[in-house]
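Report on the following structure.
Since we're looking at a predicted model, the values are computed, not measured. For the numbers below, each heavy atom of this structure counts, side chains included, while hydrogens, waters and symmetry mates do not.
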Amino acid sequence: MPETSFPSGADAEVIVVGAGLAGLVATHELVKAGRRVLVLDQENRNNLGGQAFWSLGGLFFVDSPAQRRLGIRDSSELAMQDWLGSAGFDRDDEDAWARRWAREYVRFAATEKWDYLRELGLRVTPVVGWAERGGGAGDGHGNSVPRFHLTWGTGPEVVRVFAEPVLAAERAGLVRFGFRHRVDELVVADGAVVGVRGSLLADTDLERGRASSRDVVGEFENRAGAVIVTSGGIGHAPDLVRQNWPTERLGPCPQTMIPGVPAYVDGRMLAITEAAGGRVVNRDRMWHYTEGIHNWDPIWPDHAIRIIPGPSSLWFDATGQRLPAPCYPGFDTNATMKAILATGYDYSWFVLDQAIVEKEFALSGSEQNPDITGKDIRLTLRTRLAKGAPGPVDAFLRHGEDFVVAPTLAELVAGMNEIARGPKLDAADLERQIVARDREVANDYAKDGQLAAIANARRYIGDRLGRVAAPHRILDPAKGPLIAVRLNILTRKTLGGLQTDLESRVIGADGNPVPGLYAAGEVAGFGGGGVHGYSALEGTFLGGCIFSGRAAGLALGSAR
């Protein structure tokens, strides 16, 4: 049990730096234990919940009731095999705590996580998604079975179930918020973290997600028995992304990157916490997406959206060559990133048709899924079962700068060449590759690996009914028009971070916990300084915030 003093003269018993999901979870557990908590955040109250609010709300469960209802046979052993095969832990020192966090998180996902969230009021949709299907080896990267549980209400609902009890605690006097409080320093006394100092930023009533000013109007200092850092990662800090980019592993850092997170995801607290004695590990591990598109109706600067694709779109690199296995849509993010960057360019192309876009295209983000976010059953059934692409997808087809729609392949390629950032594509060569694939559709013994993967996906009822189009010829005019999408690199998650033990205590350079200092969520690599290792199984980021935030709150809630 951690030894933490809670001085009576302090501003709070615990200070939480960051009002995102991990911070809310930690605060929720603390107030359940009767602790007085001060929550500080550099944004205004409208941003309560942080970037989790903008998420699709995917959650990773193992052997859940939803899986069992669909006939999915999962187990802790299989999930652990998948996790370790994806993580690829290979650093004895930096991965020491991450390995332990991984085993504990998979155990949590297979046991009390379902009931813990359900008791708070969270529900999931009935169809379990099959994300990040992997690279083809049983003990390698990827999910062996569907595990992506979509929250009914998406990211805002995940935030709500923790925000409501925390706001109730605020009304009861146990929680105080300090919005527009930017922490610039952790206060250290006698080797222990005892508080924070920082800048008061100018008030603003900006809507959620909008980039706010950094005009300083004052200073503050607060003291407490412990500080929990829950400030997020580096997703909207391109300089930090470039500085830590794993060139040897993934290839050259992209020149063009578009952020999938708001501007406040700046990574500042990593260096600030390191200066106070915390240890940052696995800096080169990141989780960025290859299917990024510019938002035609942006909220934050350079706002990017990720296409969450089904497996049928043909994927070509910037030179017009079809990507090799396992670089199929939704299979192996890092392998695909490496293949794209190996060409010397930082973008790629989907080529598909109307039949595929209607069945298989989903968009990340709560705002791109108003039916599920609004928990509107009638609208969900109407938009998901009706003819045509869902409204948000159709809006990108009409307005998105990365989309080309054309009746013929020649016209499609001409449009692709107008928006290409690299070489001009050869229509005849593209046609040759598509025709070769199309010939395999009618072959019961097709050797095309992507078609074999589609056939396997359609064995799962959730994919066959709602996610994967029936195999057909891409160049069949009856399935048109043709569609091309320029795919950009989208920055999103930080997989490394502050190393923590299983109580979310930050580890120092000497390998021991720094007294009074805790961390949770993305700033801690979602636990241990990198619980995912090199690759993620998806649906694990929100869960990592919940699990690590809960660990911090439970540890400090029981401290004496």
[X], [atom1]: over 12 other non-hydrogen atoms inside 6.0 angstrom:
X      : atom1 : value
Asp510 : CG    : yes
Ile377 : CD1   : no
Gln255 : CD    : no

Original post:
So which of Lys493, Arg492, Arg306 actually passes salt bridge (charged side-chain N to carboxylate O under 4.0 Å, His left out) with Glu538?
Top reply: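 Of all the options given, the one that passes is Arg306.
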
I'd like to know if the side chain of [X] pairs up with that of [Y] as donor and acceptor (distance under 3.5 Å, no hydrogens or angles considered).
X      : Y      : answer
Thr125 : Arg123 : no
Asp266 : Gln42  : yes
Thr154 : Thr373 : yes
Asn44  : Arg180 : no
Thr151 : Glu157 : no
Thr491 : His236 : no
Glu219 : Ser199 : no

**OP:** Run through Leu554, Ile228, Leu174, Val175 and flag the one making a side-chain contact (heavy atoms from CB on, under 4.5 Å) with Leu30.
**Re:**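 Only match with Leu30 under side-chain contact (heavy atoms from CB on, under 4.5 Å): Ile228.
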
For the residue pair [X] and [Y], does the interplanar ring angle fall in the parallel (under 30°), tilted (30 to 60°) or perpendicular (over 60°) class?
X      : Y      : value
Trp296 : Phe396 : perpendicular
Trp83  : Phe60  : perpendicular
Phe61  : His149 : perpendicular

**OP:** Taking the six-membered ring of Phe89 (Phe, Tyr or Trp), confirm whether the NZ or CZ of Arg99 is under 6.0 Å from its centre and within 45° of its axis.
**Re:**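 No.
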
**OP:** Would you confirm whether the ring centroid of Tyr534 sits within less than 6.0 angstrom of the ring centroid of Trp287?
**Re:**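 So the answer is no for these two rings.
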
Original post:
Does Phe526 have its ring centroid less than 6.0 Å away from the ring centroid of Trp101?
Top reply: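 For Phe526 and Trp101, the ring centres are not under 6.0 Å apart.
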
Original post:
Salt bridge between Arg378 and Asp376, side-chain N to carboxylate O under 4.0 Å?
Top reply: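 A salt bridge is absent here (no side-chain N lies under 4.0 Å from a carboxylate O).
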
